[in-house]
Amino acid sequence: MTSSFRQSLGGRIDRSRPLGFSFDGRRYAGFAGDTLASALLANGVHLVGRSYKYHRPRGILSAGAEEPNALVGIDDGFGRFTPNLRATQVALVEGLKAQSQHRWPSLRYDVGEINDVLGSLFSAGFYYKTFMGPHWLAPNWAWKNLFEPVVRRAAGLGDAPHEPDPDRYAQYFEHCDVLVIGAGPAGLAAAKAAAASGARVIVCDEQGELGGSLLSEHQATIDGVAAADWLSATLDELAKAPNVRLTPRTQAFGYYAQNFLGLAETVDDAERRANPNAPRERLWQVRAKEVVLACGALERPLVFPDNDRPGVMLADAARVYLHRYAVKVGDAVVVAAAHDNGYRVALDLAAAGVRVARVVDLREAPSGTGFDAARGAGLGVATGAKLVGTRGRLRVSAVGVETDAGVEWIDCDALLMAGGFTPSVHLYSQSRGKVVWDEARQMFLPGVSGQRERSAGACRGVFALAEALADGARAGTQAARAAGFAAADPAIPRVDNAPETQGGTMGDVSARGRAHAKAFVDFQNDVAAKDIRLAVREGMRSIEHVKRYTTTGMATDQGKTSNLNALAIAAQMLGKSPPQVGLTSFRPPYTPVTFGTLAGASRGELFDPVRRTPIHGWAEANGAAFEDVGLWKRAHYFARAGEDMPAAVAREVEGTRERVGLFDASTLGKIEVVGPDAAVFLERMYTNPFARLEVGRCRYAPMLNEQGFIMDDGVVARLAPDRFHVTTTTGGAARVLNQMEDYLQTEFPELKVWLTSTSEQWTTIAVQGPRARNLIEPFIEGVDISAEAAPHMSVREARFAGVRARLMRVSFTGELGFEINLPPEFARAAWAALAEAGRAYDAVAYGTEAMHVMRAEKGYIIVGQDTDGTVTPDDVGLAWAVGKLKKDFVGKRSLTLPDRLGANRKQLVGLLSEDPAHVFEVGAQVVDSAQPSQGTHALGHVTSSCLSPTLVGSIALALVENGRARKGERLYVAGLPAKVSETTFYDPEGTRLHA
Amino acid sequence: MLLISCPYCETERPEIEFRHAGQAHVARAADPSAVSDEAWTEFLYFRDNVKGLAYERWRHVYGCGRFFNCARDTVSDKIFATYKAGEPRPNVETEAAP
């Protein structure tokens with residue numbers, strides 16, 4: 001099938017490579033080098049979507065990133081589906097399947113069009129004013145049950161894909177001397193100049209082909225050759241330069257602090273086909289010494305009634321489609337111009353054989369070479385015109401023009417709008433530079449830089465080709481010099497035959513008397529001029545409020561074609577000038593960036609590092625199920641054949657309490673505290689007195705934050721007068737060391753003490769149970785570990801099976817227990833040896849679940865489980881651990897603040913369910929009545945809870961107001977009664993501990 | 001991503017090597033027991049919320065591990081100076097407020 005709008009000659013497409021694609025199930029033909037948009041237009045397809053609110057038929061408006069209408073869902077031929085892509089930026093590939101969005105049942109006949117008829121229900125801020133009542137129904141009932149489900153289903157644009165993303169995304173850091181953003185004339189001139197100095201230059205451009213406006217420049221010559229030839233020679237030269245990197249398809253999306261920029265590269269289709277391991281996208285985080293912004297300018301549409309029909313396009317886009325893609329956007333075209341570029345477009349189209357039905361100039365008395373040439377070419381030109389509206393349903397068929405002579409409807413199948421050009425200051429603004437208002441030319445331009453950057457070309461209002469090239473060359477030279485390179489003054493290219501253009505308009509150019517028609521400002525969010533006027537009438541004064549109330553500028557195109565028009569309309573209503581109203585903030589990303597690009601390799605198994613102990617392999621081989629504790633994998637329980645978790649835990653607890661159990665405690669944090677002031681330092685960091693802790697003894701130590709609340713706990717063991725081995729919780733290791741370093745470096749710098757993290761330098765094997773000593777004795781050399789020689793809470797340096805070890809007699813189970821600290825390279829062998837020897841005692845390996853049960857049976861707290869950052873030592877019965885005579889320690893002063901001493905503080909108590917088979921839920925509220933009414937103040941909550949195999953029934957710990965005074969009271973949890981008890985359920989005298 | 005000059009390493013490093021550590025020059029009383037409840041509560045919980053030049057602490061946690069001070073404009077993110085723990089606030093030349 002022929003593409004009847006494709007010129008037989010010209011364009012930069014590769015006619016030797018025809019491609020097949022489909023749109024909404026229908027097959028079409030295009031060429032390599034086409035975008036989806038250009039290929040559709042070549043086939044005469046303008047209708048590509050339905051608008052967001054009103055479901056109005058929409059067509060392709062532009063030829064670039066600023067496209068608001070042509071959002072399509074793409075199956076890229078690799079089997080990946082992505083919604084909401086701009087057809088103007090989708091490179092055509094063989095087998096591409098595109099589908100329109102947001103319409104049902106079809107694009108031509110969309111049920112949603114009813115919204116257009118009911119338009120007044122959807123005006124700005126409608127959700128504050130409609131779809132609410134009736135109010136005699138329950139509050140919010142109608143919205144939640146009747147309207148919201150329907151509105152939600154109608155809202156949104158494309159459908160998100162359901163399959164997981166199988167592609168890779170790569171991320172790189174990059175450094176350079178000069179980063180040039182934009183490869184149009186100014187950018188390429190800057191790159192040439194900077195590269196000549198030897199600076200390392202990166203040039204990025206969002207398009208697949210570099211050249212920017214030069215790609216559609218047919219008139220001008222540069223240094224005596226056609227612009228296209230100058231372009232290819234320049235690109236060739238830059239590609240060969242070893243200090244230059246050219247990156248097409250790379251969008252600079254964010255400008256961050258200190259010249260740190262984010263660039264998102266879409267990997268070339270050809271590269272992906274050649275290399276199946278190639279990533280789909282690449283993120284470049286670039287730190288540039290100097291930046292040249294050559295971002296160009298975007299054309300503005302005209303705001304008038306029904307300016308959104310398919311076939312109504314930006315004028316320069318038509319010229320781009322003609323010269324780059326050899327595509328006519330229509331057969332009978334009207335150009336509505338407030339800027340001389342309209343004439344250029346009209347002349348180019350006419351020269352290509354398109355019938356230009358009229359040039360409608362909105363200006364009273366236009367002049368200049370373009371105006372003259374148009375008249376000279378015999379084109380009909382109307383001046384001083386106003387736009388009344390358009391006709392046509394799925395395609396524009398006529399435009400209404402009002403002049404002194406009255407209203408005339410001119411037939412056309414494309415209407416091109418030349419509203420003027422807006423310099424692209426997005427990245428400049430993100431860099432925290434301030435924009436300034438150019439009153440004469442009515443545009444915002446870059447002002448004083450916030451960073452080491454400078455703008456060149458159209459993005460700073462330098463539009464003419466000769467000036468843009470010169471501007472770029474000077475900017476590139478300046479950037480190279482600022483980066484420290486000796487750069488000669490640049491050669492300025494000579495330009496001939498380039499048109500000179502001027503003009504532009506902002507705001508509503510509707511003919512009078514059509515205030516209620518929809519004159520669109522923001523196409524993607526369906527915001528019309530009357531919505532903006534409504535917002536101001538309803539009291540919005542700040543442009544930020546107008547933006548959010550109407551949602552203008554808030555769609556995925558971020559107002560690229562609407563911000564200035566919206567500003568002008570708001571300014572007029574407010575009676576202020578545009579700079580007085582100001583622009584809304586520019587925020588990254590400039591165009592949408594995929595999650596994949598930002599996630600990179602940080603997915604699935606690589607999302608977080610996994611930490612395993614040296615004993616992990618043994619546990620795995622012996623049936624352990626694992627749980628995550630922070631980044632660590634810890635053995636949770638060891639299920640034997642036929643056991644579920646409760647059965648395994650019961651067996652592990654019984655085995656440990658009756659005989660002996662082995663537990664891997666290696667994940668605990670460990671800190672070596674060394675120096676003459678080590679004891680003094682620990683006295684200040686913990687609650688306990690440590691000055692008189694004897695060498696060879698350990699002490700349980702709570703650590704408070706400065707607010708007086710428990711933040712961690714551990715065991716402090718004294719190995720020498722100036723050496724301590726300190727443990728922390730698994731999750732708190734880094735936090736504790738950080739707090740110690742903070743105070744040591746910034747509060748107590750005079751103390752002579754050094755801190756070293758030894759968490760990974762020691763593995764810890766806990767051996768617990770009445771037979772523990774029997775089990776380990778044969779392995780220990782050099783030390784007497786009898787009950788008299790090594791009492792509970794002692795530490796000895798010894799050898800374990802010939803390996804140096806620190807042996808601590810500590811217990812978290814309440815049984816006779818030891819913790820053997822060994823260098824990690826021996827841990828697994830030591831464990832295996834103990835397990836083997838343990839068979840004689842019918843020893844068990846136990847995991848964290850059994851450990852939790854056993855410590856709960858003894859009422860030992862777990863920081864973060866029984867404490868929540870608001871708990872003092874006294875609250876959990878640890879007042880004994882606070883040294884009364886200590887002058888000062890971290891948190892001490894706070895312990896005497898009024899609320900820390902107040903009545904009714906929550907205190908840790910035990911809870912025994914009156915039905916021992918029932919296990920309370922952790923976090924459940926504790927109250928004093930079986931059926932409290934709504935709003936009753938809860939006395940506290942359950943912090944730990946489990947079935948105790950030892951007590952054959954459930955036990956729980958809870959924080960309850962005045963808990964200690966309530967011993968024996970009956971309280972209720974989830975309607976069920978419980979008795980308040982002591983926190984120690986098992987061996988309260990501790991006889992087993994001291995065996 | 002900020003570039004921060006660690007005064008101990010004497011080199012500029014990217015922000016991901018550091019951790020922000022709160023307001024600088026918040027002095028802990030030498031004798032907390034002599035401080036009133038009100039003053040101590042202020043020390044614990046009240047911090048400045050500066051629009052403009054702020055003095056804050058950073059820790060070079062993935063580098064030398066040291067805490068140091070920094071003068072940064074919270075609006076422009078420009079860092080004017082970094083200086084060692086214990087040193088007094090330096091005199092920084094700031095740009096005129098816009």
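Per chain, numbering begins at 1; letters A, B, ... match sequence-line order. Source: prediction; values computed, not measured.
For the options B:P32, B:G86, B:A30, heavy-atom pairs under 4.5 Å to chain A are most numerous at B:P32.
Here the side chains of A:F260 and B:E15 are not in contact, with every heavy-atom distance at 4.5 Å or above.
Between A:R432 and B:D73, no side-chain nitrogen of the basic residue sits less than 4.0 Å from a carboxylate oxygen of the acidic one, so the salt-bridge criterion is not met. Salt-bridge formation is not detected for the pair A:E741/B:R66: no Lys NZ or Arg NE/NH1/NH2 atom is positioned less than 4.0 Å from an Asp or Glu carboxylate oxygen.
Of all heavy-atom pairs between B:M1 and A:Y256, the closest is N-CB, 3.9 Å. In terms of heavy-atom proximity, A:R287 sits nearest to B:P14 at NH2-CB, 4.3 Å. Scanning all heavy atoms of the two residues, the minimum distance from B:D31 to A:K887 falls at OD1-NZ, 3.4 Å. Nearest approach of B:V26 to A:E747, heavy atoms of both residues: O-OE2, 4.4 Å.
The side-chain contact (heavy atoms from CB on, under 4.5 Å) test applied to B:T82 returns B:I4, B:S5, B:P7, B:F68, B:C70, B:I79, not counting sequence neighbours. Partners of A:W437 according to the ring pair (Phe, Tyr, Trp, His ring centres under 6.0 Å) rule, which considers only residues two or more places apart in sequence or in another chain, are A:F444.
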| task | Could you give me the CA-CA distance, side-chain angles and deciding distance for A:L897 and B:L44, then say whether side chain to side chain contact (heavy atoms under 4.5 Å, CB included) is met? | result | CA-CA 11 Å; A:L897 286 175; B:L44 288 181; 4.0 Å; yes

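Among pairs with a residue in residues 892-905 of chain A, those fulfilling side chain to side chain donor-acceptor pair (under 3.5 Å) read A:D875-A:R905, A:R893-A:T896, A:R893-B:D37, A:S894-B:W40, A:R900-B:Y45, A:N904-A:N962, at least two apart in sequence or across chains.
The line from CD of A:Q285 to CD1 of B:I16 is 8.0 Å long, rounded to the nearest 0.5 Å.
Of all residues spanning residues 54-62 of chain B, those with a heavy atom less than 4.5 Å away from chain A's heavy atoms are B:R57, B:R59, arranged by number.
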